[in-house]
Novice: 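Sending over a structure as structure tokens; questions will come in a sec.
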Amino acid sequence: MITRRKAPAGLVGAAMLATAPRFAAQNAAVRKLPPARIEGGKALMEALTLCRSIREYSDRPVPEQVLSDLLWAAFGVNRPSGDRTAPYWRHIVVIDVYAAMAVGVWLCEPKCHALLAHLPADIRAQTGLQDFVGRAPLNLVYVAHGERMPDISPAERRHSASVDTGFIGQNVHLFCASAGLATVFRGAVDYKKLDRTMQLDQINLSPSRRS
Ligand SMILES: Cc1cc2nc3c(=O)[nH]c(=O)nc-3n(C[C@H](O)[C@H](O)[C@H](O)COP(=O)(O)O)c2cc1C
């Protein structure tokens with residue numbers, strides 16, 4: 001989790017066995033994902049028995065459909081109200097999920113279930129301090145927007161953003177267990193370097209995003 005301005009720094013990423021989708025037009029600014037498959041998968045108790053951290057990754061391609069399913073499970077919209085698969089602080093979306101892949105960095109946009117182009121660079125190796133990070137086909141970076149939490153202290157921001165991120169990370173763990181993918185939730189990251197690499201200071205800091 002990278003925290004943005006007025007919030008304390010911290011970062012957690014998640015790497016899993018999922019390859020960069022083979023986008024037809026890799027430079028497209030908006031890449032609509034296919035609808036997530038919201039039925040099937042392993043039963044919850046079976047998935048829980050399979051939950052564990054894995055630090056070895058294949059570069060085996062995973063269909064774009066799996067990326068769609070994964071991102072929906074992580075923090076997708078699951079109700080007509082626009083609310084999400086994970087609970088979140090004060091009904092304000094503080095966490096944005098970025099997908100770092102060989103084809104670049106994409107911002108996940110749950111409202112239209114799409115990926116928005118963020119950086120046309122392979123920054124996977126910068127998303128963590130461990131060797132496997134640069135080879136894992138997909139790294140999720142959770143970016144917390146402190147500016148969306150204006151009326152609480154930095155410590156409270158860190159706390160609530162970390163809780164929100166933990167829920168998303170657990171959804172990722174459960175999905176990966178269910179889908180037979182490897183994953184590990186990570187905090188060993190050079191936060192400042194990744195913040196610079198992702199050029200997060202260039203993004204438009206929007207006001208609070210409510211569902
Ligand atoms: C907040 C947090 C940060 C973590 N950071 C890392 C990390 O940077 N690198 C890593 O390999 N594992 C990391 N882990 C995974 C833990 O090491 C792992 O969950 C723990 O050893 C238990 O193993 P299990 O998940 O297989 O049950 C992190 C877990 C959490 C909850």
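Counting starts at 1 for both ligands and their atoms, in listed order.
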Novice: Measure centre to centre between the rings of Tyr98 and His118, then say whether the value is under 6.0 Å.
Specialist: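 Close enough - the centres of the two rings lie under 6.0 Å apart.
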
Novice: Strictly below 4.0 Å, N to O, side chains only: are Asp151 and Arg90 in salt-bridge contact?
Specialist: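 Yes, this pair counts.
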
Novice: Does an N or O anywhere in His173 fall below 3.5 Å from an N or O of ligand 1?
Specialist: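 No, since none of the N or O atoms of His173 sits under 3.5 Å from an N or O of ligand 1.
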
Novice: Could you walk me through whether Asp164 and Arg84 pass the salt bridge (charged side-chain N to carboxylate O under 4.0 Å, His left out) test, one step at a time?
Specialist: CA-CA 11 Å; Asp164 283 12; Arg84 307 295 185 89; over 6 Å; no

Novice: Would Ala188 count as a polar contact of ligand 1, with the cut-off being nitrogen or oxygen pairs under 3.5 Å?
Specialist: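 Yes, Ala188 has an N/O under 3.5 Å of an N/O on ligand 1.
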
Novice: Indicate yes or no: does an N/O atom of Arg52 lie under 3.5 Å from an N/O atom of ligand 1?
Specialist: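 It does not: no N or O of Arg52 is found under 3.5 Å from an N or O of ligand 1.
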
Novice: Check whether any side-chain N or O of Glu156 sits under 3.5 Å from a backbone N or O of Ser153 as a donor-acceptor pair, and report yes or no.
Specialist: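 Side chain of Glu156 to backbone of Ser153, a donor-acceptor pair under 3.5 Å: yes, one is there.
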
Novice: For ligand 1 and Arg55, I'd like to know whether there is a polar contact (N/O to N/O, distance under 3.5 Å).
Specialist: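 Between Arg55 and ligand 1 (N or O atoms, distance only) the closest approach is under 3.5 Å.
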
Novice: If you measure every N or O of Gly187 against every N or O of ligand 1, does any of those distances drop under 3.5 Å?
Specialist: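 Checking ligand 1 against Gly187, an N or O pair does fall under 3.5 Å apart.
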
Novice: Quick check: does any side chain N or O of Arg186 sit under 3.5 Å from a backbone N or O of Thr127, one acting as donor and the other as acceptor?
Specialist: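 Confirmed, Arg186 side chain pairs with Thr127 backbone.
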
